[in-house]
J.: 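This is the structure I want to talk about, given as structure tokens.
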Number of protein chains: 2
Amino acid sequence: MNCLDEARPLGAHAGCSHHVAGEDCRLCLVRPLSVCAALEPAEWASIEKMSTDVRFEERATIVHESDDVIALFTITAGVVRLVRTLHDGRRQLTGFALPGDFLGLSLERTWTFSIEAITPVTVCRFGRAALMEYVDQKPHFLMRLHEMATHELSLAQDHMVLLGRLTAEEKLAAFLLEIRRRWARIEGHASHHIPLPMGRQDIADYLGLTIETVSRTINQMQRAHQLVIVPDGVRLLNIDYFEQLCP
Amino acid sequence: MNCLDEARPLGAHAGCSHHVAGEDCRLCLVRPLSVCAALEPAEWASIEKMSTDVRFEERATIVHESDDVIALFTITAGVVRLVRTLHDGRRQLTGFALPGDFLGLSLERTWTFSIEAITPVTVCRFGRAALMEYVDQKPHFLMRLHEMATHELSLAQDHMVLLGRLTAEEKLAAFLLEIRRRWARIEGHASHHIPLPMGRQDIADYLGLTIETVSRTINQMQRAHQLVIVPDGVRLLNIDYFEQLCP
DNA sequence: GACTCGCATTGATACAGATCAAACCATACG
DNA sequence: CGTATGGTTTGATCTGTATCAATGCGAGTC
């Protein structure tokens, strides 16, 4: 059982709390970014009835690899990591999810990765059964899910290239530009300032490197005056440098 | 323009030839494995009208990265590789497609990888426009595409773990067991004999290694009596050894 | 049979990134 | 304030895999 379990009494679980009141799709800041962008305003009421806001503390495990899928959700605030762990403790992050990202595209019975809160997180939660029914009734909603899934697949292939064929320096450059692009989509404009809420170890496990190599590479880039390390992330000084590193 | 271009006159292109007559879904050997498994026998006639068999020679490029998607297809015989190439020539294979595998899950406008025939290949070709229309009319067919796409996504995540966190020996073991499992699905039973129609360079580019490391690792396994190299692939002597290498 | 041609294998060496170890530096807390 | 604590940085060294360079070998061809 986890925080997304439908049967769980409100507030009965450490690390999360429900805010049943207050969801209002009209006010949703991430709607244009999310799966809900496929819906007409007239359809908001129907999906609103299926949804519940849930909050998680920093470091909470939202779902555990191989848990049953009881609910699916959109991140409305905060950042999570998607984690696969090997028996001996080696980790590979398959991605980060930012506000607007939907988790549970697959409609399958069990999760294939853990989802862990990097910052305090708010999600808009949908019960699996209700959403499955909704999908059956609204083919254009299924089409939207399918488009999102195949887009994810294309990004996964990009990441395979990164993991299999790029150097540490190229991996870091690609990572920083990826995160920059994703913040830009959320904020509506690109900035040279890139918040990095995830720690060095998470970046390492996402890029297939060690924490030391991540640290050294970022600090080399700083010494080369390509970026500045700031308390919450980095500021890029020379975008061209990073773009030229992406082959 | 490529071999799958709808407007292309029959036989006008090197490396492929149409066999317009002869498709018969009732006789299709890969149907139970393919996207068509979602269809009722009564629906076969409708999809049969949209499909054409096309053959490609060994080494033919079936589609090129960034080509427009004019047609989608199911592999009915032979093996292809899915290739991403960097500007400087580094390659990453994102997968191999075997008989029964569907290519074009994404329904997007352009391909994000090249598709190249490793052996002589036969495909069952569907025009994109016709298939899109079909999808609109048959939500259960879209659901089948979506399930296949999310399954692919899960496999892509497995492959990220392989590329980011496994050693050369573990990568090879995982690769051999993957190919074994896929042949077993096609043939109906698992065998210790694993045909490997792809060359060492393809294996290397799939696993994020060099051809030398692939060759050395396989030959080490042979010297350790865990497998035997045979003309068309390998024969596993000790399945346990390979399974224990998959963490 | 001799000669390509396109892989695959093997050997010697180099190096990018891992590993091991220690120091650093915020932040939290008694 | 001093002192844990958890993450980050830096340094020294090691090593798995890449790189460079031959050599081997089977299939096709003249």
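Residue numbering restarts at 1 for every chain, and letters A, B, ... go by the order of the sequence lines.
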J.: What is the separation between atom CD1 on Ile118(B) and atom P on dC7(C), rounded to the nearest whole Å?
T.: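 Value for this atom pair: 12 Å.
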J.: Okay, side chain of Asp67(A), backbone of His64(A): is any donor-acceptor separation there less than 3.5 Å?
T.: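 Pair found, side chain donor or acceptor close to backbone of His64(A).
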J.: Is there side-chain contact between Leu177(A) and Leu236(A), with at least one heavy-atom pair below 4.5 Å?
T.: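 Yes, their side chains come closer than 4.5 Å.
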J.: Ile203(B) has an atom CD1; how far is it from atom P of dT9(C), in whole Å?
T.: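 One finds 9 Å between P of dT9(C) and CD1 of Ile203(B), rounded.
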J.: In plain terms, say whether Glu178(A) and Arg182(A) are close enough for a salt bridge, that is, a side-chain N and a carboxylate O under 4.0 Å apart.
T.: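 Looking at Arg182(A) together with Glu178(A), the answer is yes, because their closest N to O distance falls below 4.0 Å.
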J.: Could you tell me the separation between the CD1 atom of Ile229(B) and the P atom of dC7(C), rounded to a whole number of Å?
T.: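 Roughly 18 Å, once rounded to whole Å.
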J.: When the distance from CG of Leu209(A) to P of dT17(D) is rounded to whole Å, what number comes out?
T.: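 Checked: the CG to P distance equals 15 Å.
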J.: So if I take residues 80-90 of chain A and measure heavy-atom distances to DNA chain D, which residues fall below 4.0 Å?
T.: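 Here the set is empty: none.
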J.: Looking at Asp205(B) and Arg81(B), does any basic side-chain N land under 4.0 Å from a carboxylate oxygen?
T.: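 Salt bridge absent between Asp205(B) and Arg81(B).
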J.: Check DNA chain C against residues 212-226 of chain A and give the residues with a non-hydrogen atom under 4.0 Å, in numerical order.
T.: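 By residue number: Glu212(A), Thr213(A), Arg216(A).
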J.: Whole-Å distance between dG7(D) C1' and Asp232(A) CG?
T.: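 To the nearest whole Å, that distance equals 16 Å.
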J.: Nearest to the side chain of Arg200(A) - dT8(D), dA18(D), dA8(C)?
T.: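 The answer is dT8(D), which lies nearest to the side chain.
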J.: Give the rounded distance in Å between these two atoms: CG of Leu196(B) and P of dC7(C).
T.: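 Roughly 16 Å, once rounded to whole Å.
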J.: Can you sort out which residues in residues 158-173 of chain A have a heavy atom within less than 4.0 Å of DNA chain C? Ascending by number, please.
T.: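 Under 4.0 Å from DNA chain C: Thr167(A), Ala168(A).
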J.: With a 3.5 Å distance limit and no angle check, can you tell me whether Thr110(A) reaches the backbone of Asp68(A) through a side-chain donor-acceptor pair?
T.: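 It does not hold such a pair.
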J.: Tell me if a side-chain donor or acceptor on Thr213(B) pairs with a main-chain N or O of Leu209(B) at a distance below 3.5 Å.
T.: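 No, because the side chain of Thr213(B) does not come within donor-acceptor range (under 3.5 Å) of the backbone of Leu209(B).
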J.: Tell me whether Arg90(B) is salt-bridged to Glu170(A), with the criterion being a basic N under 4.0 Å from an acidic carboxylate O.
T.: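 Between Glu170(A) and Arg90(B) there is a salt bridge, with a charged N closer than 4.0 Å to a carboxylate O.
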J.: Roughly, in whole Å, what's the span from CD in Gln201(B) to P in dA8(C)?
T.: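 Interatomic distance, CD of Gln201(B) to P of dA8(C): 8 Å.
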J.: For Ile211(A), does its backbone N or O pair with a side-chain atom of Gln201(A) as donor and acceptor, under 3.5 Å?
T.: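 No; zero donor-acceptor contacts below 3.5 Å.
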J.: Measure from the side-chain N and O atoms of Thr119(A) to the backbone N and O of Gly78(A), and report whether any donor-acceptor pair falls under 3.5 Å.
T.: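 No, Thr119(A) side chain to Gly78(A) backbone: no donor-acceptor pair under 3.5 Å.
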J.: Determine whether Leu162(A) and Phe175(A) make a side-chain contact, defined as any pair of heavy atoms from C-beta on separated by less than 4.5 Å.
T.: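 Leu162(A) does not reach Phe175(A) side chain to side chain.
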J.: Grab the CD1-C1' distance between Ile211(A) and dT19(C) for me, whole Å please.
T.: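 Answer to the nearest Å: 13 Å.
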J.: Please check if the side chain of His159(B) supplies one atom and the backbone of Tyr206(B) the other of a donor-acceptor pair under 3.5 Å.
T.: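 Yes; judged by distance alone, with no hydrogens or angles, the pair exists.
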